[in-house]
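Presented below is the structure to which this report refers.
Chain letters run A, B, ... following the sequence lines, proteins first, then strands; residues in each count from 1.
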Amino acid sequence: AQSVTQLDSHVSVSEGTPVLLRCNYSSSYSPSLFWYVQHPNKGLQLLLKYTSAATLVKGINGFEAEFKKSETSFHLTKPSAHMSDAAEYFCVVSGRHMRFGAGTRLTVKP
Amino acid sequence: DVKVTQSSRYLVKRTGEKVFLECVQDMDHENMFWYRQDPGLGLRLIYFSYDVKMKEKGDIPEGYSVSREKKERFSLILESASTNQTSMYLCASGQGGGSGKEQYFGPGTRLTVT
């Protein structure tokens, strides 16, 4: 069975400081992993995906994530937060179908 | 751009009513999905379809059914709505051919059952 655990339900940062959203996964085989973002009253948008190529994956809007098999982690980072980054972020593992984490709400303070 | 549209953004229904949620995609995707989204639970898969007239149960199919008569359209049906089905419903589509394929999401339908 596959699953993901997002370690923080809410993260708050100041504008211009780094962002770290943590995700651990469980999979019986080499997984495909995704991060999606959901802005208020909007649909989900793909940020980035890992499918067994490079372990450091770059996404849109300056986000990136690193696949660490030894730690079963796929944490999302951004060097400098912007007000427009405030949203809900979902880590996803994909097998026959996608399994979503519970989500992390990112708040960015001015 | 891929577009997934859902028939309503907001819907209010009474307990016991039959409810239809419609989803249409314009990218000729084989796979279509229905999820419900609840705070603190993320998205949970209700049903998915990998071809016309084909469907499979997801993690929480109880109280729901689906229909896929055309490739571009996937309907979610609540046979007899109940208050515990008050939720945000999201439709998605994606290419077939195994895992690792991105899904494209509609804007969602917020259903309230009173």
Side-chain angles (χ1 to χ4, degrees), chain A residues 1-10 21-54 57 59-60 65 67 74 76 87-105, chain B residues 1-10 23-25 27 29-50 54-61 66 74 87-110:
Chain A
Q2 296 181 300
S3 65
V4 290
T5 302
Q6 293 184 243
L7 300 172
D8 307 289
S9 60
H10 185 214
L21 305 183
R22 299 182 295 164
C23 173
N24 287 350
Y25 71 90
S26 173
S27 178
S28 53
Y29 48 87
S30 185
S32 295
L33 294 160
F34 303 77
W35 277 98
Y36 278 84
V37 61
Q38 185 179 37
H39 287 94
N41 299 313
K42 298 279 182 68
L44 273 77
Q45 179 185 17
L46 180 70
L47 270 181
L48 50 82
K49 66 178 180 180
Y50 166 78
T51 54
S52 75
V57 182
I60 61 171
F67 173 73
F74 190 57
L76 182 70
E88 184 110 24
Y89 292 79
F90 294 96
C91 182
V92 182
V93 62
S94 178
R96 179 158 170 72
H97 52 78
M98 286 186 168
R99 291 196 179 275
F100 285 73
T104 298
R105 181 165 300 279
Chain B
D1 275 355
V2 175
K3 195 155 188 184
V4 179
T5 56
Q6 296 183 227
S7 50
S8 306
R9 291 299 303 272
Y10 300 93
C23 175
V24 178
Q25 51 99 359
M27 281 301 291
H29 285 159
E30 292 82 5
N31 296 342
M32 296 189 74
F33 308 83
W34 275 106
Y35 297 88
R36 64 176 282 174
Q37 180 179 9
D38 299 288
L41 296 177
L43 277 71
R44 292 177 292 166
L45 182 65
I46 304 171
Y47 267 98
F48 67 103
S49 168
Y50 50 89
M54 307 301 286
K55 60 185 179 184
E56 280 196 29
K57 294 179 180 179
D59 296 320
I60 51 164
V66 291
F74 192 34
S87 187
M88 172 70 86
Y89 290 88
L90 294 170
C91 176
S93 73
Q95 292 178 335
S99 65
K101 299 292 174 61
E102 176 183 357
Q103 290 182 18
Y104 298 83
F105 286 82
T109 296
R110 185 167 295 282

- Name the member of A:E88, A:H97, A:Q45, A:R105 that forms the most heavy-atom pairs with chain B at distances under 4.5 Å.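 Of the options given, most contacts go to A:H97.
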- Flag the one option from A:K49, A:M98, A:K42 with the top tally of heavy-atom pairs under 4.5 Å to chain B.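 Counting heavy-atom pairs under 4.5 Å, the top option is A:M98.
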- In Å and rounded to the nearest 0.5 Å, what is the CZ to NE2 distance from B:F74 to B:H29?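 Answer for the CZ-NE2 pair, B:F74 versus B:H29, is 15.0 Å.
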Heavy-atom cut-off 4.5 Å, strictly under: side chain, backbone, both or neither for [X] against chain A?
X	answer
B:D38	neither
B:R110	neither
B:E56	side chain
B:L43	both

- Query: Can any side-chain N or O of A:T104 pair as donor or acceptor with the backbone N or O of A:D8 at less than 3.5 Å?
  - Reply: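 At least one qualifying donor-acceptor pair exists.
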- Is it true that a side-chain atom of B:Q6 and a backbone atom of B:C91 form a donor plus acceptor pair closer than 3.5 Å?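 Indeed, once roles are kept as given, a pair shorter than 3.5 Å links the two residues.
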- Query: Which atom pair, heavy atoms only, marks the closest approach of B:R36 to B:I46?
  - Reply: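 Answer, listing the atom of B:R36 first, then B:I46: N-CD1, 3.8 Å.
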- Query: For the residue pair A:F100 and A:V4, what are the closest heavy atoms and their distance?
  - Reply: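 Closest approach of A:F100 to A:V4, heavy atoms only: C-CG2, 3.5 Å.
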- Task: Give the ring-plane orientation class for B:Y50 versus B:F48, where under 30° counts as parallel, over 60° as perpendicular and anything between as tilted.
- Result: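 The rings of B:Y50 and B:F48 sit tilted, inter-plane angle from 30° to 60°.
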- Query: According to the interplanar angle, ranging from 0 to 90°, do the rings of A:Y25 and A:F67 count as parallel (below 30°), tilted (30 to 60°) or perpendicular (above 60°)?
  - Reply: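 The rings of A:Y25 and A:F67 lie parallel, inter-plane angle below 30°.
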Contact origin within [X] toward chain B - heavy atom pairs under 4.5 Å:
X	result
A:Q38	side chain
A:S9	neither
A:Y36	side chain

